[in-house]
Structure formats: C-alpha cells, structure tokens
Student: 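A single structure is presented below for examination.
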Amino acid sequence: MNYASPTYVEETRIGFQFLRTHTWQHHVLRVAINDLKRLIGEPLPQGGALLDVGCGQGKSFRLLRDAFRFDRLIGLDADPHSVELSRAEAQHERIDAELLIGDCAQIELPDASVDIVFCHQTFHHLVEQERALAEFWRVLKPGGLLLFAESTKAYIDTWVIRWFFRHPMEVQKSADEYLAMLRKQGFEFENRHVSLPYLWWSRSRDFGLLERWGLRTPPPPGQREETLVNVAARKPLADT
C-alpha cells in the first residue's frame, strides 16, 4: 500500500492496520458519529439513501445504520482491498450495502440520488478536494445532509503523523478554511451545527498528557490550534 494516485494519497500499512484497532473504532469513529448526531439535532433523519465516502473497511456501517436506519447504504472507496473488507463487514453485520471502487472526485451515482453523505477522516487524503466537494453536492438531494468530520493541518502536519502516515500536505487546511470551503460550495450551517473537538488523540504533540495529569487545563476555543472540525451541513432545498 505504497501507491499514490493522482487524486488521493493512500494509507501506509501502519495506517491501514490502525483503522482496524479499538482506538479507531471507539475513540475516533464512534465519537465522531455521536458528535455529528448531536450537531444535527432531534429528530435524526431516518431512511433514505446514505453514501459513505472513503468507507475504508466498513467499520462505520453498523453505527450509521443504528443512527439513521437507512433504506440504502452505498460505500465508496478507492482501494479495492478496503472495499472487500467493507463487503465482509457488511455481511457480518447483515447490512445490504452497495460497494463502489472509485474516486470521490468522480462519483458514479446520479444527480440528487442520496439523502446523506458521510465523510469521516477522508478529505485530508484527497488531492482534488474542491472537485470532491462538488461531487458531494451533486449527488445530494436538495435538503440533504453532508456529515463532515475532518482533521486539520495542525494535526496532519505534526511529526508523529508525518512519520507514520502519508498525506498530500499541499491541500491540508485549518478548521476555518474547511468551513469556508463548505460555504463556498453552497452548503448551509449555523454555529450550532459545527464543533471543534479537542480530543487527546488529535493532539499528537503531547496527546493531552499534561491535562490528563492535572498539570494544566486545556485552552479554550480561540486560544488554541484546532485539530478537528465536525460539521452537519445541508444542501439548500432551492439549489441555486
């Protein structure tokens, strides 16, 4: 898995194995989905078609099913091996999933064909981020949701992440830059639909050890480099 395509940068072998760990599934993926549910608010959308872009090994499928009770699940990933693992995960969880091998910048789905796009820790691998976001917009129905959970440049550009993982550094963005990109595409959201989690695993300089040891308190928003941004954004009903 040491291959970089023109449109995305693939995980290292260490990264691929990390996506199978308890830390990833419970401290990263589960926490992000719970936070996105909170940002959407009640009642959560139920049924319809959900597209998981960069679905990886399918560890999100059960959590997404339990949250949104979708009628149709589509998983998209550029790595054929990951798609096969997703297929096995879907079978294990008894989820009927349509799995596509493909590029987020060119999604082989019709216009306005999905109700929710779930994009979790995928965007920082993509070289053509603007094209991918335009594709998310295209395939979403008017009124559909983009659930966007991403690490920022402040996290991706740290020594430990550079050492163990591989990413296209020229496209990494701050939380504010990601929010501006979403708005530029036309997605709508208010402050209550955005969170800036300050989780231990995303602070690779110290992993929050000083705070866990009680030696300091975490700085408040506005006085720290944000390492994560989660957004529940909506495509307007009137597509302008």
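Nothing fancy with the numbering, it's 1 onward along the sequence.
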Student: Got a second to check how far Q25's CD is from R30's CZ, nearest 0.5 Å?
Tutor: 10.5 Å
Student: Can you see which heavy atom on A105 is nearest to which on E128, and at what distance?
Tutor: CB-OE1, 3.7 Å
Student: Output the distance between atom CG (D77) and atom CG (D103), rounded to the nearest 0.5 Å.
Tutor: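 It is 10.5 Å, given to the nearest 0.5 Å.
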Student: Hey, can you pull the donor-acceptor pairs under 3.5 Å for the side chains in residues 217-226, sequence neighbours left out?
Tutor:
unit_1	atom_1	unit_2	atom_2	d
R224	NE	E226	OE1	3.1
R224	NE	E226	OE2	3.0
R224	NH1	P219	O	3.1
R224	NH2	L196	O	3.0
R224	NH2	E226	OE1	3.4

Student: Using only atom types and a distance under 3.5 Å, with no angle test, would you say the side chain of R138 pairs donor to acceptor with the backbone of I107?
Tutor: yes
Student: Where do L100 and L109 land on the side-chain contact (heavy atoms from CB on, under 4.5 Å) test, with the steps shown first?
Tutor: CA-CA 10 Å; L100 306 175; L109 289 173; 4.2 Å; yes
Student: First locate atom CD1 of I116, then atom CD of Q46, and finally report the distance between them rounded to the nearest 0.5 Å.
Tutor: 8.5 Å
Student: For the pair L44 and K37, evaluate side-chain contact (heavy atoms from CB on, under 4.5 Å) and give the outcome as yes or no after the intermediate values.
Tutor: CA-CA 7 Å; L44 292 176; K37 288 162 56 179; 3.9 Å; yes
Student: How long is the span from the CG atom in L36 to the NE2 atom in H193, to the nearest 0.5 Å?
Tutor: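 The NE2 atom of H193 is 12.0 Å from CG of L36, to the nearest 0.5 Å.
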Student: Should V171 and L126 be marked as a side-chain contact (heavy atoms from CB on, under 4.5 Å) after you check the CA-CA gap, both sets of side-chain angles, and the distance that decides it?
Tutor: CA-CA 8 Å; V171 300; L126 305 180; over 6 Å; no
Student: Which atom names give the shortest non-hydrogen contact between A232 and L39, and what distance separates them?
Tutor: CB-CB, 3.9 Å
Student: Can you find a heavy atom in the side chain of V28 that is under 4.5 Å from one in the side chain of L199?
Tutor: no
Student: Side-chain contact test, heavy atoms from C-beta onward, threshold under 4.5 Å: evaluate it for Q57 versus E89 and give yes or no.
Tutor: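 They are not in contact (no side-chain heavy atoms under 4.5 Å apart), so the answer is no.
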Student: Excluding sequence neighbours, so at least two apart, what forms salt bridge (Lys or Arg N to Asp or Glu O under 4.0 Å) with D157?
Tutor: R162
Student: Quick check: do K141 and K235 have side-chain heavy atoms less than 4.5 Å from each other?
Tutor: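 In short, these two side chains do not touch, never coming nearer than 4.5 Å.
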Student: Can you tell me which residue pairs pass the salt bridge (charged side-chain N to carboxylate O under 4.0 Å, His left out) test with a partner in residues 38-48, sequence neighbours excluded?
Tutor: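 Only D35-R38 qualify under salt bridge (charged side-chain N to carboxylate O under 4.0 Å, His left out).
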Student: When you look at CD of E108, are more than 12 heavy atoms from neighbouring residues, nucleotides or ligands closer to it than 6.0 Å?
Tutor: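 Not buried by this count: 12 neighbours or fewer within 6.0 Å.
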Student: Taking distance alone, no hydrogens or angles, what donor-acceptor pairs closer than 3.5 Å link side-chain atoms of residues 185-192 to residues at least two apart or in another chain?
Tutor:
unit_1	atom_1	unit_2	atom_2	d
E190	OE1	R192	NE	3.0

Student: Taking side-chain hydrogen bond (donor to acceptor under 3.5 Å, both in side chains) as the criterion, tell me which of Q129, E150, Q172 meets it with H124.
Tutor: E150
Student: Would you find a donor on one side and an acceptor on the other, under 3.5 Å apart, between the side chain of D111 and the backbone of V139?
Tutor: no
Student: Checking the side chain of S60 only, and the main-chain atoms of G58 only, is there a donor and an acceptor separated by less than 3.5 Å?
Tutor: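 Checking the backbone N and O of G58 against the side chain of S60, no donor-acceptor pair under 3.5 Å is found.
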Student: How far does OG of S82 sit from CG of L99, to the nearest 0.5 angstrom?
Tutor: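 It is 11.0 Å, given to the nearest 0.5 Å.
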Student: Give, for atom CD1 of I156 and atom NZ of K173, the distance between the pair rounded to the nearest 0.5 Å.
Tutor: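 Going from the CD1 atom of I156 to the NZ atom of K173 covers 12.5 Å.
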Student: Determine, step by step, whether F70 and D115 satisfy the side-chain contact (heavy atoms from CB on, under 4.5 Å) criterion, reporting the C-alpha distance in whole Å, the side-chain angles of both residues, the deciding distance to 0.1 Å, and the verdict.
Tutor: CA-CA 9 Å; F70 45 71; D115 299 274; over 6 Å; no
Student: Answer yes or no: is there a side-chain heavy-atom contact under 4.5 Å between Q121 and S151?
Tutor: yes
Student: Between V83 and R87, is any pair of side-chain heavy atoms under 4.5 Å apart?
Tutor: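 They are in side-chain contact.
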Student: Taking all atoms of both residues into account, what is the closest heavy-atom pair of R65 and I95, and its distance?
Tutor: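 Shortest heavy-atom separation between R65 and I95 comes out as NH1-CG1, 3.5 Å.
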Student: For D96, does the CG atom sit with more than 12 other heavy atoms under 6.0 Å from it, leaving out its own atoms?
Tutor: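 For D96, atom CG is not crowded (no more than 12 foreign heavy atoms under 6.0 Å).
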Student: Take atom CD of Q106 as the centre, draw a 6.0 Å sphere, and report whether it contains more than 12 heavy atoms from other residues, nucleotides or ligands.
Tutor: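 No - once you tally the heavy atoms of other residues, nucleotides and ligands closer than 6.0 Å, there are 12 at most.
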Student: Picking from W137, F118, Y178, what satisfies ring pair (Phe, Tyr, Trp, His ring centres under 6.0 Å) with F148?
Tutor: Y178
Student: Hey, does L133 have a side-chain heavy atom less than 4.5 Å from the side chain of L146?
Tutor: yes
Student: Spell out, as yes or no, whether a donor-acceptor pair under 3.5 Å connects the side chain of S202 to the backbone of T227.
Tutor: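 Answer holds: no.
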Student: Check P197 against N230 and note the closest heavy-atom contact, atom names and distance.
Tutor: CG-ND2, 3.5 Å
Student: Closest approach of S113 and A49, non-hydrogen atoms and distance?
Tutor: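 The pair with the smallest heavy-atom distance is O-CB, 3.8 Å.
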Student: Only counting residues at least two apart or in another chain, list the ones meeting ring pair (Phe, Tyr, Trp, His ring centres under 6.0 Å) with Y198.
Tutor: none
Student: Might you point out which heavy atoms bring P45 and F68 nearest each other, and give the distance in Å?
Tutor: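 Reported closest heavy-atom pair: O-CD2, 3.4 Å.
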Student: Checking H26 now: which residues fulfil ring pair (Phe, Tyr, Trp, His ring centres under 6.0 Å) with it, not counting sequence neighbours?
Tutor: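 Applying ring pair (Phe, Tyr, Trp, His ring centres under 6.0 Å) to H26 gives H22.
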